[in-house]
S.K.: 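Here it is, the structure in full.
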Amino acid sequence: MPLAKVNEVLQHATENHYGVAAMNVFNYETVKWVAEAANREKIPVIIQLYPGFDKYIALKHVADFAKNFAVQSDVPIAVHLDHSAGYEIAVGGIKAGFPSVMVDGSALPSRPYRENVEQVRYITRLAHAVGVTVEAELGHVGSGANLDDIVNADNYTNVDQAVEFVQRTGCGSLAVAVGNAHGAYVKVPNLDFDRITALHKAVPVPLVLHGCSDIPHEQLQESVRLGMSKFNIATEYFRAIYKSIAAQVDKEAKDGNFMALLDASSEAAIDFVRGKMKLLNPNKFSL
């Protein structure tokens with residue numbers, strides 16, 4: 001089927017009351033396993049890449065084979081570049097062929113709101129001119145290793161400011177800070193459901209939750225019910241892959257067949273993604 005657009009997938013999810021798993025990837029196999037999981041579950045998915053992985057693999061390589069899996073899929077798959085921290089990265093992602101990019105203009109909590117607005121608005125105008133959609137971020141989604149990033153409500157997204165931000169920038173979706181953070185959590189997060197409810201009611205674009213790895217299942221499902229649309233998952237997926245491969249390693253094997261090792265590890269990786277998709281689909285929607 002045609003390559004799906006991120007915002008169309010998110011809008012469909014909002015209308016049908018499910019959350020879209022946005023799975024971070026870094027090579028061919030991690031893309032393949034996400035696409036396979038989506039087709040088995042018959043539910044849309046977003047495949048995304050963190051641009052910092054360009055030291056390992058060129059952005060264009062991932063964009064190309066992710067889009068190839070998307071057009072061969074029986075269910076909608078969208079492709080997205082995660083966390084572009086500046087103009088050069090975002091434009092580089094667009095040049096590499098990503099049909100959707102995130103502009104993270106709030107990477108530092110001390111960054112002035114005005115600068116975030118100006119950067120996102122400028123890149124959004126450029127992206128829209130070539131048919132690319134933009135996700136932005138407001139509030140500070142920091143590190144799960146930093147307790148203050150999780151529990152300090154001063155880091156959270158201001159509802160009134162979010163409404164103004166979307167209007168001024170024209171972004172197509174908005175990542176928000178509601179007690180979530182990136183990476184492994186030093187403390188079990190406690191999401192601010194009142195803030196999610198208020199944001200969903202006030203903000204006219206789909207909402208994105210970063211740092212979904214290890215957030216308790218009941219909190220993720222409640223976030224779906226309250227209107228959150230896109231759920232970014234990286235740390236937990238990579239951990240599941242690591243454990244799957246480690247479980248298959250035979251130290252006594254003489255042939256050292258790496259391809260066979262990946263093949264033997266695939267089902268556990270696919271099952272992990274399917275599990276997240278089921279979790280984010282409490283009403284059991286299916287195409």
Side-chain angles (χ1 to χ4, degrees), residues 3-24 34 37-38 41-48 70 75-83 99-104 106 120 124 132-139 141 156-157 159 162-163 165-167 169-180 182 189 191-213 215 217-234 236-237 273 276-287:
L3 177 66
K5 295 183 178 181
V6 167
N7 279 15
E8 290 178 355
V9 168
L10 297 181
Q11 185 60 41
H12 184 269
T14 301
E15 293 171 356
N16 291 277
H17 310 292
Y18 67 92
V20 180
M23 305 300 303
N24 276 70
V34 172
E41 287 301 312
K42 303 299 180 186
I43 193 167
V45 75
I46 296 170
I47 293 173
Q48 59 186 31
V75 300
I77 294 178
V79 179
H80 176 72
L81 183 68
D82 194 22
H83 279 294
S100 176
V101 298
M102 181 202 175
V103 182
D104 188 358
S106 63
V120 174
T124 297
V132 172
T133 58
V134 173
E135 173 189 323
E137 180 174 305
L138 185 65
V141 183
Y156 296 0
T157 306
V159 177
V163 174
F165 181 87
V166 170
Q167 182 179 27
T169 63
C171 64
S173 59
L174 185 67
V176 296
V178 291
N180 51 310
H182 299 106
L191 300 183
D192 187 339
F193 294 128
D194 289 340
R195 195 175 300 254
I196 292 175
T197 300
L199 285 164
H200 176 61
K201 182 177 180 180
V203 176
V205 298
L207 299 177
V208 181
L209 191 69
H210 285 224
C212 292
S213 295
I215 291 179
H217 289 184
E218 62 274 13
Q219 292 193 38
L220 290 178
Q221 288 199 324
E222 183 64 13
S223 298
V224 174
R225 294 187 185 98
L226 295 177
M228 196 70 69
S229 298
K230 178 173 179 274
F231 294 78
N232 287 18
I233 302 165
E236 225 177 336
Y237 182 38
V273 180
K276 285 298 182 183
M277 297 177 80
K278 291 176 182 177
L279 178 69
L280 298 173
N281 187 17
N283 297 316
K284 302 187 186 306
F285 169 83
S286 181
L287 292 169

S.K.: Run through Val101, Asn24, Ile233 and flag the one making a side-chain contact (heavy atoms from CB on, under 4.5 Å) with Gln48.
M.R.: Asn24

S.K.: Quick one: pull up NZ in Lys230 and CG in Leu209 and give me the separation to the nearest 0.5 Å.
M.R.: 10.0 Å

S.K.: Regarding Thr14 and Ser229, do their side chains bring together a donor and an acceptor under 3.5 Å, going by distance alone?
M.R.: yes

S.K.: Between Phe231 and Ile215, does a side-chain contact (heavy atoms from CB on, under 4.5 Å) hold up when you go through it step by step?
M.R.: CA-CA 11 Å; Phe231 294 78; Ile215 291 179; over 6 Å; no

S.K.: Is there side-chain contact between His217 and Leu279, with heavy atoms separated by less than 4.5 Å?
M.R.: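 They are in contact (side-chain heavy atoms under 4.5 Å apart), so the answer is yes.
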
S.K.: To the nearest 0.5 Å, what is the distance between NZ on Lys201 and CD1 on Ile196?
M.R.: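 Answer for the NZ-CD1 pair, Lys201 versus Ile196, is 16.0 Å.
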
S.K.: Quick one: closest heavy-atom pair of His80 and Ser100, and the distance?
M.R.: ND1-OG, 2.8 Å

S.K.: Within the side chain of Thr157, is there an N or O that forms a donor-acceptor pair under 3.5 Å with the backbone of Ala177?
M.R.: yes

S.K.: Are any of the side-chain heavy atoms of His83 and Glu135 separated by less than 4.5 Å?
M.R.: no

S.K.: For a side-chain contact (heavy atoms from CB on, under 4.5 Å) check, start with the C-alpha distance between Arg195 and Leu199, then their side-chain angles and the critical distance, and finish with the verdict.
M.R.: CA-CA 6 Å; Arg195 195 175 300 254; Leu199 285 164; 4.0 Å; yes

S.K.: Mind running side-chain contact (heavy atoms from CB on, under 4.5 Å) on Met277 and Tyr18 for me, showing each step along the way?
M.R.: CA-CA 9 Å; Met277 297 177 80; Tyr18 67 92; over 6 Å; no

S.K.: Under the criterion side-chain contact (heavy atoms from CB on, under 4.5 Å), which of Val141, Val176, Asp192 is the partner of Tyr156?
M.R.: Asp192

S.K.: Roughly how far apart are Ile46 CD1 and Asp82 CG, rounded to 0.5 Å?
M.R.: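 Here the interatomic distance stands at 10.5 Å.
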
S.K.: Indicate every side-chain donor-acceptor pair of residues 280-287 with a distance under 3.5 Å to a residue at least two apart or in another chain.
M.R.:
{"unit_1": "Asn281", "atom_1": "OD1", "unit_2": "Lys284", "atom_2": "N", "d": "3.4"}
{"unit_1": "Asn281", "atom_1": "OD1", "unit_2": "Phe285", "atom_2": "N", "d": "2.8"}
{"unit_1": "Asn281", "atom_1": "ND2", "unit_2": "Phe285", "atom_2": "O", "d": "2.6"}
{"unit_1": "Asn283", "atom_1": "ND2", "unit_2": "His17", "atom_2": "O", "d": "3.3"}

S.K.: Donor-acceptor pair, distance only, cut-off 3.5 Å: does the side chain of Gln219 make one with the backbone of Pro189?
M.R.: yes

S.K.: Please tabulate, one pair per line, all N/O donor-acceptor pairs under 3.5 Å involving side-chain atoms of residues 3-11, not counting sequence neighbours.
M.R.:
{"unit_1": "Asn7", "atom_1": "ND2", "unit_2": "Gly172", "atom_2": "O", "d": "3.2"}
{"unit_1": "Gln11", "atom_1": "NE2", "unit_2": "Glu15", "atom_2": "OE2", "d": "3.2"}

S.K.: What pairs with Asp194 under side-chain hydrogen bond (donor to acceptor under 3.5 Å, both in side chains), at least two apart in sequence or on another chain?
M.R.: none

